[in-house]
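One is the number of the first residue; the rest follow in order along the sequence. These figures come from a predicted structure and were not determined experimentally.
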Amino acid sequence: MSELVVEDLHVQVGGQMVLNGVDLRVASGEVHAVMGPNGSGKSTLAYAIMGRPGYEVTSGSITLVDDESNSVDLVDLSPWERAHAGLFSTQQYPTEVPGVGLENMLEEAVEAAGGDRSAVEAQVAAEAELVDFDPGLLYRSLNVDLSGGEMKRSEAVQLGVLRPRIAILDELDSGLDVDALAAVSHRIEQATHEDNLGVLAITHFSRLLTVLHADVVHILIDGAIAETGGPELAAQLEDTGYDPWIDTRAESPVEIHLGGDPWP
(Lines give C-alpha, C1' and ligand atoms only; values in the text may rest on other atoms or scores of the structure.)
Protein backbone atom coordinates (compact mmCIF):
# COMPACT_ATOMS: atom_id res chain seq x y z
CA MET A 1 0.00 0.00 0.00
CA SER A 2 1.28 3.46 -0.94
CA GLU A 3 0.00 7.00 -0.93
CA LEU A 4 1.11 10.01 -2.94
CA VAL A 5 0.66 13.07 -0.73
CA VAL A 6 0.75 16.59 -2.17
CA GLU A 7 0.43 19.34 0.41
CA ASP A 8 0.13 23.11 -0.14
CA LEU A 9 2.11 22.83 -3.36
CA HIS A 10 3.24 26.09 -4.94
CA VAL A 11 5.09 25.91 -8.26
CA GLN A 12 6.52 28.57 -10.51
CA VAL A 13 7.62 28.28 -14.12
CA GLY A 14 9.79 30.94 -15.73
CA GLY A 15 9.31 33.17 -12.72
CA GLN A 16 5.50 32.98 -12.88
CA MET A 17 3.44 31.21 -10.22
CA VAL A 18 1.28 28.48 -11.75
CA LEU A 19 0.24 26.32 -8.81
CA ASN A 20 -1.05 28.14 -5.75
CA GLY A 21 -1.44 25.67 -2.92
CA VAL A 22 -2.57 22.29 -4.28
CA ASP A 23 -3.54 19.56 -1.80
CA LEU A 24 -4.41 15.99 -2.76
CA ARG A 25 -3.78 12.41 -1.64
CA VAL A 26 -3.81 9.42 -4.00
CA ALA A 27 -3.76 5.99 -2.33
CA SER A 28 -3.06 2.58 -3.82
CA GLY A 29 -5.97 1.26 -5.86
CA GLU A 30 -7.58 4.69 -6.20
CA VAL A 31 -8.15 6.68 -9.39
CA HIS A 32 -8.14 10.46 -9.01
CA ALA A 33 -9.02 12.64 -11.99
CA VAL A 34 -7.84 16.24 -12.24
CA MET A 35 -9.91 18.34 -14.64
CA GLY A 36 -9.79 22.03 -15.46
CA PRO A 37 -9.75 24.57 -18.28
CA ASN A 38 -6.68 25.29 -20.38
CA GLY A 39 -4.01 27.12 -18.41
CA SER A 40 -5.31 26.03 -15.02
CA GLY A 41 -2.07 24.20 -14.13
CA LYS A 42 -2.97 20.55 -14.80
CA SER A 43 0.17 19.61 -16.72
CA THR A 44 2.29 21.72 -14.38
CA LEU A 45 1.02 19.56 -11.53
CA ALA A 46 2.11 16.40 -13.38
CA TYR A 47 5.50 17.86 -14.26
CA ALA A 48 6.13 19.08 -10.71
CA ILE A 49 5.31 15.68 -9.22
CA MET A 50 7.69 13.97 -11.64
CA GLY A 51 10.45 16.58 -11.19
CA ARG A 52 10.65 18.05 -14.68
CA PRO A 53 13.45 20.67 -14.85
CA GLY A 54 12.22 24.26 -14.89
CA TYR A 55 9.22 23.55 -12.64
CA GLU A 56 10.31 25.03 -9.33
CA VAL A 57 8.56 24.06 -6.11
CA THR A 58 8.66 27.25 -4.06
CA SER A 59 6.77 25.81 -1.07
CA GLY A 60 4.78 22.76 -0.07
CA SER A 61 5.68 19.07 -0.26
CA ILE A 62 5.37 15.96 -2.42
CA THR A 63 5.86 12.68 -0.57
CA LEU A 64 5.34 8.99 -1.23
CA VAL A 65 4.25 7.09 1.87
CA ASP A 66 4.09 3.30 2.28
CA ASP A 67 1.84 1.23 4.54
CA GLU A 68 4.43 1.31 7.33
CA SER A 69 4.37 5.12 7.30
CA ASN A 70 7.82 5.33 5.73
CA SER A 71 7.87 8.43 3.57
CA VAL A 72 10.09 9.56 0.71
CA ASP A 73 10.37 13.32 0.16
CA LEU A 74 10.30 13.66 -3.62
CA VAL A 75 10.87 17.38 -4.08
CA ASP A 76 14.68 17.24 -4.17
CA LEU A 77 14.90 13.97 -6.13
CA SER A 78 15.68 13.73 -9.84
CA PRO A 79 13.05 12.23 -12.17
CA TRP A 80 14.82 8.85 -12.32
CA GLU A 81 14.99 8.73 -8.52
CA ARG A 82 11.27 9.42 -8.34
CA ALA A 83 10.70 6.59 -10.81
CA HIS A 84 12.79 4.27 -8.60
CA ALA A 85 10.68 5.35 -5.63
CA GLY A 86 7.59 4.07 -7.47
CA LEU A 87 6.23 6.83 -9.73
CA PHE A 88 5.43 6.43 -13.41
CA SER A 89 4.33 9.09 -15.88
CA THR A 90 2.74 9.01 -19.30
CA GLN A 91 3.29 12.07 -21.46
CA GLN A 92 1.05 14.06 -23.77
CA TYR A 93 3.79 13.93 -26.40
CA PRO A 94 6.15 11.00 -25.74
CA THR A 95 9.77 11.58 -26.72
CA GLU A 96 11.33 9.71 -29.63
CA VAL A 97 14.55 7.92 -28.67
CA PRO A 98 16.39 6.77 -31.81
CA GLY A 99 18.58 3.71 -31.35
CA VAL A 100 16.91 2.50 -28.13
CA GLY A 101 14.31 -0.26 -28.42
CA LEU A 102 11.31 -0.53 -26.12
CA GLU A 103 12.28 -3.97 -24.87
CA ASN A 104 15.92 -2.96 -24.31
CA MET A 105 14.84 0.10 -22.36
CA LEU A 106 12.55 -1.96 -20.15
CA GLU A 107 15.23 -4.58 -19.52
CA GLU A 108 17.57 -1.88 -18.26
CA ALA A 109 14.84 -0.28 -16.13
CA VAL A 110 13.79 -3.60 -14.57
CA GLU A 111 17.39 -4.59 -13.83
CA ALA A 112 18.15 -1.16 -12.32
CA ALA A 113 15.23 -1.69 -9.95
CA GLY A 114 16.56 -5.10 -8.89
CA GLY A 115 14.30 -7.19 -11.14
CA ASP A 116 15.01 -10.04 -13.54
CA ARG A 117 15.75 -8.73 -17.03
CA SER A 118 15.44 -12.23 -18.50
CA ALA A 119 11.69 -12.16 -17.75
CA VAL A 120 11.08 -8.89 -19.59
CA GLU A 121 10.69 -10.30 -23.11
CA ALA A 122 7.75 -12.49 -22.08
CA GLN A 123 6.23 -9.69 -20.02
CA VAL A 124 6.44 -7.23 -22.90
CA ALA A 125 4.79 -9.69 -25.27
CA ALA A 126 1.96 -10.32 -22.80
CA GLU A 127 1.37 -6.62 -22.14
CA ALA A 128 1.44 -5.81 -25.87
CA GLU A 129 -1.31 -8.36 -26.45
CA LEU A 130 -3.45 -6.86 -23.69
CA VAL A 131 -3.49 -3.43 -25.37
CA ASP A 132 -3.41 -4.63 -28.99
CA PHE A 133 0.05 -3.20 -29.58
CA ASP A 134 1.53 -4.46 -32.84
CA PRO A 135 4.33 -6.93 -31.89
CA GLY A 136 6.29 -5.74 -34.91
CA LEU A 137 6.74 -2.37 -33.22
CA LEU A 138 8.38 -3.79 -30.12
CA TYR A 139 11.80 -3.81 -31.72
CA ARG A 140 11.58 -0.39 -33.31
CA SER A 141 13.38 2.54 -31.70
CA LEU A 142 11.32 3.92 -28.84
CA ASN A 143 8.39 5.99 -30.20
CA VAL A 144 10.13 6.62 -33.53
CA ASP A 145 7.61 6.88 -36.38
CA LEU A 146 4.75 5.73 -34.17
CA SER A 147 1.27 7.23 -34.35
CA GLY A 148 -0.18 8.95 -31.30
CA GLY A 149 -2.26 5.89 -30.48
CA GLU A 150 0.71 3.56 -30.85
CA MET A 151 2.77 5.72 -28.51
CA LYS A 152 0.08 5.56 -25.84
CA ARG A 153 -0.25 1.79 -26.23
CA SER A 154 3.53 1.60 -25.86
CA GLU A 155 3.31 3.57 -22.62
CA ALA A 156 0.66 1.16 -21.35
CA VAL A 157 3.04 -1.71 -22.09
CA GLN A 158 5.76 0.07 -20.10
CA LEU A 159 3.42 0.62 -17.16
CA GLY A 160 2.37 -3.04 -17.18
CA VAL A 161 5.96 -4.29 -17.13
CA LEU A 162 7.33 -1.80 -14.58
CA ARG A 163 4.35 -2.05 -12.18
CA PRO A 164 4.78 1.31 -10.43
CA ARG A 165 3.10 2.28 -7.18
CA ILE A 166 1.53 5.49 -8.54
CA ALA A 167 0.94 6.44 -12.20
CA ILE A 168 0.59 10.05 -13.35
CA LEU A 169 -1.39 10.13 -16.61
CA ASP A 170 -0.99 13.47 -18.36
CA GLU A 171 -3.85 13.63 -20.88
CA LEU A 172 -3.62 9.95 -21.74
CA ASP A 173 -6.61 10.36 -24.06
CA SER A 174 -4.79 12.91 -26.24
CA GLY A 175 -4.27 11.44 -29.70
CA LEU A 176 -6.17 8.22 -29.03
CA ASP A 177 -8.99 6.91 -31.15
CA VAL A 178 -11.93 5.16 -29.49
CA ASP A 179 -10.47 1.66 -29.73
CA ALA A 180 -7.03 2.65 -28.45
CA LEU A 181 -8.54 4.64 -25.58
CA ALA A 182 -10.66 1.68 -24.53
CA ALA A 183 -7.72 -0.76 -24.66
CA VAL A 184 -5.29 1.45 -22.74
CA SER A 185 -7.86 2.61 -20.18
CA HIS A 186 -8.97 -0.97 -19.54
CA ARG A 187 -5.38 -2.10 -18.91
CA ILE A 188 -4.81 0.69 -16.39
CA GLU A 189 -8.15 0.02 -14.71
CA GLN A 190 -7.11 -3.64 -14.46
CA ALA A 191 -3.83 -2.63 -12.81
CA THR A 192 -5.67 -0.70 -10.11
CA HIS A 193 -7.37 -3.94 -9.07
CA GLU A 194 -4.63 -6.52 -9.70
CA ASP A 195 -1.53 -4.51 -8.74
CA ASN A 196 -3.14 -1.95 -6.43
CA LEU A 197 -1.94 0.84 -8.72
CA GLY A 198 -2.82 4.36 -7.66
CA VAL A 199 -3.64 6.72 -10.53
CA LEU A 200 -3.67 10.49 -10.92
CA ALA A 201 -5.31 11.08 -14.32
CA ILE A 202 -5.13 14.58 -15.77
CA THR A 203 -7.72 15.02 -18.48
CA HIS A 204 -9.99 17.46 -20.29
CA PHE A 205 -12.67 14.92 -21.12
CA SER A 206 -14.87 12.62 -19.08
CA ARG A 207 -14.73 10.01 -21.88
CA LEU A 208 -11.49 8.71 -20.34
CA LEU A 209 -13.44 7.94 -17.18
CA THR A 210 -16.00 5.70 -18.89
CA VAL A 211 -13.50 2.82 -18.64
CA LEU A 212 -10.96 4.10 -16.14
CA HIS A 213 -13.42 4.75 -13.35
CA ALA A 214 -12.55 7.67 -11.10
CA ASP A 215 -13.06 7.40 -7.36
CA VAL A 216 -12.35 11.10 -6.86
CA VAL A 217 -12.56 14.09 -9.22
CA HIS A 218 -10.73 17.37 -8.57
CA ILE A 219 -11.53 20.63 -10.36
CA LEU A 220 -8.38 22.72 -10.80
CA ILE A 221 -8.91 26.44 -11.42
CA ASP A 222 -6.12 29.05 -11.52
CA GLY A 223 -3.61 26.71 -9.93
CA ALA A 224 -5.72 25.57 -6.98
CA ILE A 225 -8.29 22.86 -6.30
CA ALA A 226 -11.67 24.57 -6.49
CA GLU A 227 -13.74 21.49 -5.64
CA THR A 228 -13.31 17.79 -4.94
CA GLY A 229 -16.05 15.21 -5.32
CA GLY A 230 -17.04 11.86 -6.74
CA PRO A 231 -17.44 10.79 -10.37
CA GLU A 232 -20.68 12.76 -10.58
CA LEU A 233 -18.52 15.90 -10.68
CA ALA A 234 -17.16 14.88 -14.09
CA ALA A 235 -20.70 14.29 -15.31
CA GLN A 236 -21.70 17.75 -14.09
CA LEU A 237 -18.88 19.27 -16.15
CA GLU A 238 -20.41 17.81 -19.30
CA ASP A 239 -23.54 19.86 -18.60
CA THR A 240 -22.17 23.10 -17.19
CA GLY A 241 -18.55 23.43 -18.25
CA TYR A 242 -16.30 25.24 -15.77
CA ASP A 243 -18.39 28.39 -15.39
CA PRO A 244 -19.71 27.47 -11.91
CA TRP A 245 -16.13 27.34 -10.60
CA ILE A 246 -14.69 30.35 -12.37
CA ASP A 247 -14.90 33.61 -10.45
CA THR A 248 -16.81 35.90 -12.78
CA ARG A 249 -17.43 38.58 -10.21
CA ALA A 250 -16.80 42.02 -11.61
CA GLU A 251 -13.89 43.93 -10.18
CA SER A 252 -14.67 46.66 -7.71
CA PRO A 253 -15.69 49.82 -9.56
CA VAL A 254 -12.95 52.39 -10.01
CA GLU A 255 -13.69 55.95 -8.94
CA ILE A 256 -13.00 58.46 -11.71
CA HIS A 257 -12.58 62.05 -10.56
CA LEU A 258 -13.62 64.73 -13.08
CA GLY A 259 -13.19 67.72 -10.84
CA GLY A 260 -16.51 67.29 -9.09
CA ASP A 261 -18.04 64.48 -7.06
CA PRO A 262 -16.55 61.01 -7.55
CA TRP A 263 -18.16 59.08 -10.41
CA PRO A 264 -18.42 55.40 -9.56
Side-chain angles (χ1 to χ4, degrees), residues 2-28 30-65 71-83 85-95 152 155 159 164-174 188 192 197-206 208-209 212 214-229 231 233-234 237 242 245-247:
S2 302
E3 187 174 33
L4 174 67
V5 181
V6 177
E7 294 185 315
D8 195 28
L9 186 65
H10 292 71
V11 175
Q12 70 175 8
V13 183
Q16 180 178 352
M17 293 301 301
V18 180
L19 296 184
N20 303 294
V22 173
D23 294 281
L24 55 84
R25 306 173 75 97
V26 182
S28 295
E30 294 181 348
V31 176
H32 288 236
V34 176
M35 307 181 74
N38 289 329
S40 59
K42 300 186 300 301
S43 290
T44 295
L45 175 61
Y47 296 154
I49 292 172
M50 291 305 303
R52 180 168 176 168
Y55 289 74
E56 181 187 355
V57 175
T58 59
S59 64
S61 63
I62 308 169
T63 55
L64 194 57
V65 184
S71 65
V72 178
D73 183 354
L74 300 176
V75 169
D76 293 325
L77 300 186
S78 65
W80 73 264
E81 289 173 315
R82 299 183 196 212
L87 296 188
F88 178 92
S89 174
T90 67
Q91 304 173 53
Q92 288 187 51
Y93 309 105
T95 302
K152 297 303 174 69
E155 289 191 315
L159 185 150
R165 297 158 70 180
I166 304 289
I168 314 299
L169 312 179
D170 187 14
E171 297 194 24
L172 179 71
D173 45 356
S174 176
I188 297 172
T192 65
L197 174 70
V199 175
L200 180 63
I202 292 166
T203 182
H204 278 293
F205 307 109
S206 60
L208 173 68
L209 309 179
L212 180 61
D215 300 290
V216 181
V217 175
H218 307 277
I219 305 298
L220 187 67
I221 304 289
D222 293 332
I225 302 293
E227 186 169 348
T228 293
L233 203 51
L237 279 174
Y242 293 106
W245 294 277
I246 295 175
D247 186 2

Roughly how far, to the nearest 0.5 Å, is [atom2] of [Y] from [atom1] of [X]?
X      : Y      : atom1 : atom2 : result
Glu56  : Gln12  : CD    : CD    : 4.5 Å
Glu3   : Leu64  : CD    : CG    : 9.5 Å
Tyr47  : Ile202 : OH    : CD1   : 9.0 Å
Ser59  : Asp8   : OG    : CG    : 5.5 Å
Thr192 : Leu212 : OG1   : CG    : 7.0 Å
Ile49  : Ile166 : CD1   : CD1   : 9.5 Å

Would you mind reporting whether [Y] and [X] have side-chain heavy atoms less than 4.5 Å apart?
X      : Y      : answer
Pro164 : Leu197 : yes
Ile219 : Leu233 : yes
Glu227 : Ile225 : no
Tyr55  : Leu45  : no
Asp23  : Leu9   : no
Pro79  : Met50  : no
Ser28  : Arg165 : no
Asp170 : Gln91  : no

**OP:** Not counting sequence neighbours, list each pair that qualifies as a ring pair (Phe, Tyr, Trp, His ring centres under 6.0 Å) and has a residue in residues 3-26.
**Re:**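 Every candidate ring pair (Phe, Tyr, Trp, His ring centres under 6.0 Å) pair involving residues 3-26 fails, so no pair, neighbours aside, qualifies.
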
Check: [X] side chain, [Y] main-chain N or O, donor-acceptor pair, under 3.5 Å:
X      : Y      : answer
Lys42  : Val34  : no
Arg25  : Val6   : no
Asp215 : Val31  : yes
Arg82  : Leu74  : yes
Glu30  : Ala27  : yes
Lys152 : Leu172 : yes

Do the side-chain N and O atoms of [X] and [Y] include a donor-acceptor pair separated by under 3.5 angstrom?
X      : Y     : result
Ser43  : Gln92 : yes
His204 : Asn38 : yes
Thr63  : Asp73 : no

Subject >> All side-chain hydrogen bond (donor to acceptor under 3.5 Å, both in side chains) counterparts of Ser206, not counting sequence neighbours >> reply: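 For Ser206 the side-chain hydrogen bond (donor to acceptor under 3.5 Å, both in side chains) partners, ignoring immediate neighbours, are Glu238.
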
Work out which heavy atom in [X] is nearest to a heavy atom in [Y]; give both atom names and the distance.
X      : Y      : answer
Val65  : Ser71  : CG2-CB, 3.9 Å
Ala167 : Leu159 : CB-CD1, 3.7 Å
Ala224 : Asn20  : CB-O, 4.1 Å
Val22  : Gly223 : CG2-O, 3.5 Å
Tyr242 : Gly36  : OH-N, 3.0 Å

Subject >> Phe88 and Ile168: CA distance, side-chain angles, deciding distance, side chain to side chain contact (heavy atoms under 4.5 Å, CB included) verdict >> reply: CA-CA 6 Å; Phe88 178 92; Ile168 314 299; over 6 Å; no

Original post:
Please walk me through it: do Val26 and Val199 pass side chain to side chain contact (heavy atoms under 4.5 Å, CB included)?
Top reply: CA-CA 7 Å; Val26 182; Val199 175; 5.8 Å; no

Subject >> Working for side chain to side chain contact (heavy atoms under 4.5 Å, CB included), residues Met35 and Leu220 >> reply: CA-CA 6 Å; Met35 307 181 74; Leu220 187 67; over 6 Å; no

